Amino acid sequence: MGRVKVFRDLIGIIKDKASQSKAALISNPRTLSLHLALLRATTHDPFSPPDPTHLATLLSFGNCSRATASTAVDAIMDRLQTTRDAAVAIKCLITVHHIIKRGSFILQDQLSVYPSTGGRNYLKLSNFRDDTTPLTWELSSWVRWYALYLENLLSTSRILGFFLCSTSSSVDKDTEEDKVSSLINTELLKEINSLGNLIEQIAKKPDSLNSNGNVLVDAVLGLVGEDYLSSINEVSIRVSEFKERLDCLGFVDSVELVCVLRSLEECKERLSALSQRKKVMIESVWGSINEVKDQIGNSKAYKEDEGRLLMMGRRNKVSESARFGERVVMKHSGNSVKFSSGRFLSFNDFSFPAYASME
């Protein structure tokens, strides 16, 4: 087994040297430094994270023209899509994550077009497999999860209107609270739903066996752990805002909010070990989530509407298939109201009069 590992490591070193030599021969002189920095940051070694110096070089291309930034993002995505090596793929994804967190606006803007413009989704790696060794097989599950997580992070950032977790687009808390307070209920629900989906994806991180203590996995968890703190803070701001609006929430909005909060609570156990920082703040947020959820569930209006819904549901049942993760969409068919979100499948057996959501 030791000889196999040594042989694999040797093959990886040879591949890295060959790729760098090839880049030096055929690359455009203007982009040579870019390709070399990328190859050096995304080596085949599964026991070393991307070198900070090479990452800094890649990020520096965001300080040039938009065309140069576009070339840099294209090069990263091309390497991500063409590699079959788990270590290379994870390092490419770590590089993408650093762009989101520390990249310039131009670099982040180029990254944000994947896949929102309707083109190829370069983060779609659901079929990625590297079965060379037990370690690379397990790292493959991290590649698939990490790519989907980054896709969720970009999607949530688009909905919020800024790059979540980015040091270059940090928002003052008072400013963010003022912005959130100006949103109508449907927009606020859309934001907290997206944040909830992101946190749920964090909670789905793979279990480690062969990769336990691996530096690449530790690097990923370190970056995602920082994102978790930022995400839970954004959730806190929106939960506090909803707490102020409980008296004017319609029944449909209340149902959606309760389902989002319940889904978040189901993630709490798996998230407990993700970050050891700001434990008091995190526990305070979970307490607020539980408080708002219980206040809605115990409200007289919610119970009355819920009881009416159950009574009418016995007389006339309807159902509709739905895709998980979408917001509540009201579709009128006679006096029936159907939920499109997979979170509300249990309510799709009922028909009830459409209650107008109060904004």
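Because the structure is a prediction, the values reported are computed rather than measured.
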I need the minimum non-hydrogen distance between [X] and [Y], along with the two atoms involved.
X	Y	value
I159	S194	CD1-OG, 3.5 Å
S236	V285	CB-CG2, 3.6 Å
H54	A37	CB-O, 3.8 Å
G62	S104	O-OG, 2.7 Å
C92	I76	O-CG2, 4.1 Å
A72	L107	CB-CD1, 4.4 Å

Is any side-chain heavy atom of [X] less than 4.5 Å from a side-chain heavy atom of [Y]?
X	Y	result
L198	L164	yes
I202	R270	no
Y228	I282	yes
F61	L38	no
L125	L80	yes
E234	T156	no
H97	V224	yes
L249	L246	yes

Donor-acceptor contact present, side-chain [X] to main-chain [Y], <3.5 Å:
X	Y	answer
K243	V292	no
T42	V88	no
S141	E138	yes
N233	L229	no
K91	S48	yes
S284	V280	no
W142	K205	no
N298	D294	yes
N214	P46	yes
R245	S181	yes

[atom1]/[X] to [atom2]/[Y] distance, rounded to the nearest 0.5 angstrom?
X	Y	atom1	atom2	value
R66	F105	CZ	CZ	6.5 Å
E187	S182	CD	OG	8.0 Å
S157	Q108	OG	CD	8.5 Å
S155	L123	OG	CG	11.5 Å
T136	H44	OG1	NE2	11.5 Å
M281	I232	CE	CD1	7.5 Å

When you look at NZ of K278, are more than 12 heavy atoms from neighbouring residues, nucleotides or ligands closer to it than 6.0 Å?
no
Count the heavy atoms belonging to other residues, nucleotides or ligands that lie under 6.0 Å from NZ of K124, then report whether that count exceeds 12.
no
Could you check whether D130 and T132, counting side-chain N and O atoms only, form a donor-acceptor pair closer than 3.5 Å?
yes
Begin from the C-alpha positions of R144 and S140 and carry the test side-chain contact (heavy atoms from CB on, under 4.5 Å) through to its verdict.
CA-CA 6 Å; R144 296 190 297 272; S140 297; 3.7 Å; yes
Is [X] salt-bridged to [Y], going by a charged N under 4.0 Å from an acidic O?
X	Y	value
R262	E266	no
E283	K279	no
R238	E176	yes

Please walk me through it: do D85 and T83 pass side chain to side chain donor-acceptor pair (under 3.5 Å)?
CA-CA 5 Å; D85 186 276; T83 187; 5.3 Å; no
Where do K101 and D227 land on the side-chain contact (heavy atoms from CB on, under 4.5 Å) test, with the steps shown first?
CA-CA 9 Å; K101 295 179 73 69; D227 293 353; 3.1 Å; yes
Pair L160, L195 - check side-chain contact (heavy atoms from CB on, under 4.5 Å), show working.
CA-CA 9 Å; L160 296 181; L195 286 163; 4.0 Å; yes
Could you see if [X] belongs to whatever hydrophobic cluster contains [Y]? Use Ile, Leu, Val, Met, Phe, Trp, Tyr and a side-chain cutoff under 4.5 Å.
X	Y	value
M77	F163	yes
L221	L223	yes
V217	L148	no
L55	L36	no
L183	F162	yes

Should the pair Y149 and Y146 be assigned to parallel (<30°), tilted (30 to 60°) or perpendicular (>60°) ring geometry?
parallel
Would I106 and D109 count as a side-chain contact (heavy atoms from CB on, under 4.5 Å) here? Give the steps.
CA-CA 5 Å; I106 293 179; D109 187 52; 5.6 Å; no
